[in-house]
Each structure stands twice: as C-alpha cells, then as structure tokens.
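Input: a single structure, listed below in structure tokens.
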Amino acid sequence: MVDWCKMKINSANAVITRNGKNWYVHVDDDILTVNAHSYTIITAHKANK
C-alpha cells in the first residue's frame, strides 16, 4: 500500500495542497492525506463524486 501511495504522490497529475498540519494529494479519483511534519500517510481513499 505504501508503494502505491508513493506512486500516486509522484504522479505528474497529482495536485498537492497543505491545510494546517496535513498535506492533501488529489490524483485521479483518489485523495491521500499525509502528515506535514512526520510525512506519515494518514488516509488514502476514493474521492466522493
């Protein structure tokens, strides 16, 4: 799962934003949440349509 998240984060079409203590990665139909200080993957799920 971690390798899949790394692949998504490094994707050319990933949109990465920071809100407070977390980074949010929007790519394809997925949203990943990563802690901004420890870079720990918090969640990875499909975006609600």
Side-chain angles (χ1 to χ4, degrees):
M1 184 67 172
V2 173
D3 289 332
W4 179 85
C5 290
K6 287 180 181 179
M7 180 187 69
K8 290 291 188 174
I9 291 168
N10 289 321
S11 174
N13 59 338
V15 177
I16 303 172
T17 58
R18 183 172 177 175
N19 186 2
K21 62 181 181 176
N22 295 324
W23 291 101
Y24 295 93
V25 182
H26 297 263
V27 58
D28 303 327
D29 288 333
D30 305 312
I31 301 174
L32 290 80
T33 307
V34 179
N35 182 280
H37 299 289
S38 66
Y39 297 104
T40 302
I41 300 166
I42 299 170
T43 62
H45 60 273
K46 291 286 184 187
N48 293 332
K49 290 187 177 184

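Here, residue 1 is the first one in the sequence, and each next residue gets the next number. Because the structure is predicted, anything quoted here is derived from the model rather than measured.
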Considering only Ile, Leu, Val, Met, Phe, Trp and Tyr, and joining two whenever side-chain heavy atoms are under 4.5 Å apart, list the other residues clustered with Met1. Trp4, Met7

Could you give the distance from CG (Leu32) to NZ (Lys6), rounded to the nearest 0.5 Å? 13.0 Å

Reported NE2-to-CG distance for the pair His45 and Asp30, which is rounded to 0.5 angstrom: 9.0 Å

Quick one: side chains of residues 15-28, donor-acceptor pairs under 3.5 Å with protein atoms, not counting sequence neighbours, listed by atom name and distance.
unit_1	atom_1	unit_2	atom_2	d
Arg18	NE	Gly20	O	3.0
Asp28	OD1	Asn13	ND2	3.2
Asp28	OD2	Lys8	NZ	2.6

For the atom pair CD1 (Ile41) and CG (Asn35), what is the distance rounded to the nearest 0.5 Å? 11.5 Å

As an exercise, state the distance from OG1 of Thr43 to CD1 of Ile31, rounded to the nearest 0.5 Å. 8.0 Å

